[in-house]
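Note that this is a predicted model, so its numbers are computed, not measured. Quick note: residue numbers are just sequence positions, from 1.
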Amino acid sequence: MYLINNWYKKIILLSNIAEDSGVRGCMIFKPYGLDIWEHIKTKINYLLKKTGHKNFYFPLLILKSKLKKEFNHMKGFAKECAIVTHSRLKIKQRKLIIEEESKLKNELIIRPTSESIIWDSFKKWIKSYRDLPMLLNQWSNIIRWEMRPRFFLRNSEFFLQEGHTAHSTKKEAIRHCKKILNLYKYFIEDILSIPVIKGRKTKLEKFAGANITYCLEAIMQDGKALQIATSHFLGKNFSRSFNVKYINKKGISKNVWGTSWGISTRLIGAVILTHSDKYGLILPPKIAPIQIVIIPIINKNDDFNIKILDNIVDKLIVCFKQNKISFRYDNSPKYRPGWKFNEYDVKGIPIRLTIGKQEIEKGKIEVFRRDTRKKKYYNITKLKKNLIVLLKKIQRNLFKRALILQKKFICKVNNYQEFKKILNTKGGILYSHWDGSTYIEKKIKKETSASIICIPSINKKEIGKCIYSQNFSKQRVYFAKSY
């Protein structure tokens, strides 16, 4: 396996997805990278609106006094918060300095997440059972100071889709949490072609301010796990802190039950680390900004074949538009075909069509699949139908490959020495007994850098001994080193 850190960053830079901004933990989204994110955003937005959620937008700045209201939430995010303490700068002796007189009486936090400002609004909006459930969604940018930043996986600033809901009953809130997790699971597996493990976090790993955190975890090519989506049951923690109450049908005032859930631009990092290879990016067709690229190889003086080429391409373009297939016809004379082949390889375009004089004479077109790097010639008359089928095959093949990788990396381990050896060599997700103790969980994490990534949803009850303490254990959990 190639050096994952160098390979990962190189793919991002060469494929022109993003680049360093000069500000630690912040990146510049290039047009191609933003196109990928907008494809993801559009599809998730559709799913959320279909399930009754409405988009809102709340301010970037949050009063520090609001963040303090829910203690566990504040405690969990305190070290990551960026704070605004002054409102102005001034120039003194040709230097830009803070104007001390502009110190704010009410200091502001640049949002690390939006629970506090949204629950403050819920208090104004929710009065009666008729107002429930309240289903909100927000597309936002977030600031969380990151000690070890890495493109898409850990940024100080990143794009976040965050949902926030309020419900009249505990049962309804938990059901909604699980519904959203299943929505994410469908999206990540069907659209991104990344198989996931569904489960819930331990008390140590759950979201700050949540009673339960449900999660989706994926395995990357280097054997590390990546938390890819979360859905949090907040109980009445925020409704009590912000005094959010409603009058039920019996006229009794009660606190509402809350949830929050989200995905982020980390999904792009997951796609890169799951599917890409030493040649560059590989994109699942369903999120590829360009699904098919057409590259002609015709002498500019060959008028006869140019007319035939134009006729073939015109018919293909009509087909692509009818079937909503995104494409690019690259007949630019600026670069030679070899350069273009490499460029679109690096960008992960699922299908490349090459049309030259030989192809025209034979009545066949060269079709190159980015996922398998295999070429095949298709009859021009049957090409349109074959391309539609081929895009579906590529999507399925990427999922199949990733599923094989996942199964390869999951192993059942009963011995702590073996547990440490596997983590230090090939890595992976280790399915081992745990006695339920937070103390033991911390000890394992300190000694191995592996955490409990989740308690799986589908988990057979199995009596055994804890991998570390040898104490009684009711079930196995998944351990892994994570991004």
Give the C-alpha distance, both sets of side-chain angles, the deciding distance and a yes or no for side chain to side chain contact (heavy atoms under 4.5 Å, CB included) between Y8 and F152.
CA-CA 11 Å; Y8 177 72; F152 296 110; 3.6 Å; yes

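For the residue pair S140 and E162, a side-chain donor N or O sits within less than 3.5 Å of a side-chain acceptor on the partner. A donor atom on one side chain and an acceptor atom on the other are found under 3.5 Å apart for Y416 and E447. S193 and Q395 share a donor-acceptor pair across their side chains, judged by distance under 3.5 Å alone. Side-chain contact annotation: Y483 with D222, donor-acceptor N/O pair under 3.5 Å present. A donor-acceptor contact closer than 3.5 angstrom links the side chains of S114 and Q138.
A cation-pi contact, defined as under 6.0 Å to the ring centre and within 45° of the axis, is absent between K9 and F151. Relative to the six-membered ring of F368, R352 meets both conditions, a distance below 6.0 Å and an angle of at most 45° to the axis.
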Compile the donor-acceptor pairs under 3.5 Å between side chains in residues 232-239 and protein atoms, sequence neighbours left out, one pair per line.
unit_1, atom_1, unit_2, atom_2, d
H232, ND1, T213, OG1, 2.9
H232, NE2, T230, OG1, 3.4
N237, ND2, G209, O, 3.0
N237, ND2, N211, OD1, 2.8
N237, ND2, L234, O, 3.1
S239, OG, K236, O, 3.1
S239, OG, V256, O, 2.8

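Contact check on R401 versus D371 returns no salt bridge, with no Lys/Arg side-chain nitrogen under 4.0 Å from an Asp/Glu carboxylate oxygen. A salt bridge links R370 to D277: at least one charged side-chain nitrogen sits closer than 4.0 Å to a carboxylate oxygen. The pair E205-K445 counts as a salt bridge, with a side-chain nitrogen and a carboxylate oxygen less than 4.0 angstrom apart. K286 has a carboxylate O that lies under 4.0 Å from a charged side-chain N of D190, or vice versa, which qualifies the two as a salt bridge. With respect to the salt-bridge test (charged N to carboxylate O, under 4.0 angstrom), the residues E107 and K103 qualify.
Remark: of the listed residues K201, K224, K198, K201 is the sole one forming a salt bridge (charged side-chain N to carboxylate O under 4.0 Å, His left out) with E217. Here the rule is side-chain contact (heavy atoms from CB on, under 4.5 Å) with K185, and of I180, I228, V196 only V196 fits it.
T274 is linked by a side-chain hydrogen bond (donor to acceptor under 3.5 Å, both in side chains) to nothing, counting only residues two or more places apart in sequence or in another chain.
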